[in-house]
Amino acid sequence: MAKQARAVQTWRSIVDAAASVFDDYGYERAAISEILRRAKVTKGALYFHFASKEAIAQAIMDEQTSTVEFEQEGSPLQSLVDGGQQFAFALRHNAMARAGTRLSIEGVFLGGPHPWGEWIDATARMLELGQERGEVFPQIDPMVSAKIIVASFTGIQLVSEADSGRADLREQVAEMWRHILPSIAHPGVIAHIKPEGRVDLAAQAREKAEREEQEARIAAEAKEAGSDPATDTGSRSGGAGLRGGGSGRGTRAGQTGDEGDEEPAGAGVAAAGGAA
């Protein structure tokens with residue numbers, strides 16, 4: 001179990017570090033050496049989990065959708081709007097979201113999975129659920145509308161990045177929904193939808209940061225006093241906000257051995273073009 005936990009942590013470190021590198025440099029200019037430096041892992045450990053730079057990039061593209069969780073209860077359209085606002089917030093504060101989006105826009109993997117496939121499928125499912133619950137017009141094709149919504153969001157976030165560094169992205173996404181909703185939803189439903197989202201994610205993030213700072217201060221004071229902070233503060237808070245990243249699902253299936261310091265045979269060849 002200790003080896004598995006270490007493998008999960010190593011995978012997480014590599015993906016997080018790679019996300020920051022791809023966010024800064026894009027795919028072509030991202031160097032394996034820089035990913036190793038930021039992840040603080042050996043080359044052998046990296047190739048234990050990923051055969052190539054492309055494999056790391058694909059993991060990040062898969063991982064970006066974990067920054068959004070669509071609520072299945074209540075209004076499907078409001079949940080869809082809220083999910084869009086969650087991702088808009090993540091694009092400003094989460095390197096994983098930015099890296100995944102940049103890689104998708106760069107279109108590096110034209111022969112692999114559709115770069116927007118998961119977003120389109122998730123959006124289509126929510127629209128189908130909206131039809132089942134009488135929110136979305138029955139004549140709407142969920143897949144066609146999903147592609148339009150994802151494409152609109154992509155273009156809007158690019159314009160917002162150029163205009164304001166995405167500072168106005170929340171309002172721009174709200175305007176997108178104000179334009180799209182009348183074409184897919186019943187007027188009576190639209191009146192109850194909040195295009196800016198039901199939750200102020202910025203305020204939520206501030207509250208979480210303040211709570212964590214307070215917990216850290218209490219823990220430090222308890223440690224200095226020689227007592228157990230867990231008994232002083234009670235059970236730890238789970239923390240609100242965006243759903244975190246993956247849990248090691250990128251580790252190759254069936255691998256439970258040690259993360260060696262040596263590259264497997266052929267690993268360096270598979271990663272050609274990614275090394276510094």
Side-chain angles (χ1 to χ4, degrees), residues 12 15-24 59-106 115-123 125-127 130 146 148-181 192-213 237-247:
R12 180 79 267 158
V15 172
D16 287 344
S20 69
V21 175
F22 287 128
D23 180 32
D24 289 342
I60 290 170
M61 293 172 68
D62 294 340
E63 187 84 356
Q64 64 172 321
T65 56
S66 69
T67 58
V68 173
E69 187 170 11
F70 295 113
E71 294 292 338
Q72 300 300 308
E73 302 298 325
S75 164
L77 280 179
Q78 184 64 68
S79 295
L80 190 56
V81 170
D82 291 347
Q85 291 293 6
Q86 284 180 38
F87 196 63
F89 185 81
L91 283 169
R92 294 193 61 198
H93 303 282
N94 188 315
M96 190 70 64
R98 291 193 300 273
T101 298
R102 179 167 183 171
L103 290 167
S104 299
I105 291 170
E106 289 180 353
W116 310 106
E118 287 193 48
W119 290 115
I120 292 170
D121 290 344
T123 301
R125 285 194 296 269
M126 296 306 295
L127 292 175
I148 292 172
I149 290 169
V150 171
S152 299
F153 183 97
T154 301
I156 283 173
Q157 68 89 15
L158 284 173
V159 173
S160 176
E161 180 184 19
D163 284 348
S164 66
R166 298 194 179 101
D168 66 346
L169 185 54
R170 183 185 185 192
E171 181 54 33
Q172 293 303 313
V173 171
E175 285 296 336
M176 179 195 80
W177 284 115
R178 293 186 186 105
H179 282 74
I180 290 178
L181 285 172
H192 300 285
I193 299 294
K194 296 182 178 180
E196 68 281 359
R198 287 177 291 190
V199 178
D200 186 342
L201 294 167
Q204 191 179 74
R206 286 194 297 270
E207 291 174 2
K208 180 183 177 183
E210 291 172 359
R211 182 169 61 251
E212 291 176 346
E213 182 180 355
S237 171
L242 299 179
R243 185 156 58 114
S247 57

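Note that this is a predicted model, so its numbers are computed, not measured. Scope of the values below: all heavy atoms of this structure, side chains included, with no hydrogens, waters or symmetry mates. Numbering starts at 1 and runs along the sequence shown.
For the pair W177/L80, a side-chain contact is recorded, criterion being any heavy-atom separation below 4.5 Å from C-beta on. Two residues are said to be in side-chain contact when any heavy atoms from C-beta on lie closer than 4.5 Å; F22 and R102 fail this criterion. By the 4.5 Å heavy-atom criterion applied to side chains, E118 and D62 are counted as neighbours. In this structure, F153 and L91 have side chains that are in contact, with non-hydrogen atoms separated by less than 4.5 Å.
By the side chain to side chain donor-acceptor pair (under 3.5 Å) test, T154 is found to be paired with no residue, residues two or more places apart in sequence or in another chain being considered. When the side chain to side chain donor-acceptor pair (under 3.5 Å) test is applied to D168, the partners found at least two apart in sequence or on another chain are S160, S164. Shown here are the ring pair (Phe, Tyr, Trp, His ring centres under 6.0 Å) partners of W119, two or more places apart in sequence or in another chain: F87.
Side-chain atoms of Q157 and R166 form a donor-acceptor pair, as typed in the model, at a separation below 3.5 Å. Side-chain contact, D82 with Q78: a donor N or O sits under 3.5 Å from an acceptor N or O.
Nearest heavy atom pair, residue G100 against residue M61, reads O-CG, 4.2 Å. Here the shortest heavy-atom pairing between E175 and H179 reads O-ND1, 2.9 Å. Nearest heavy atoms, I120 versus A146: O-CB, 3.4 Å. In terms of heavy-atom proximity, F70 sits nearest to S79 at CD2-O, 3.4 Å. Across all their heavy atoms, V15 and M96 have their closest contact at CG1-CE, 3.5 Å. Residues I156 and V173 come closest through the heavy atom pair CG2-N, 4.4 Å.
Formation of a donor-acceptor pair under 3.5 Å by the T101 side chain with backbone atoms of R98 is not found in this model. Formation of a donor-acceptor pair under 3.5 Å by the R170 side chain with backbone atoms of F89 is not found in this model.
In this structure, CD in E171 is found 8.5 Å from CD in Q85, a value given to the nearest 0.5 Å. The distance from the CD1 atom of I60 to the CG atom of D23 is 9.5 Å, given to the nearest 0.5 Å.
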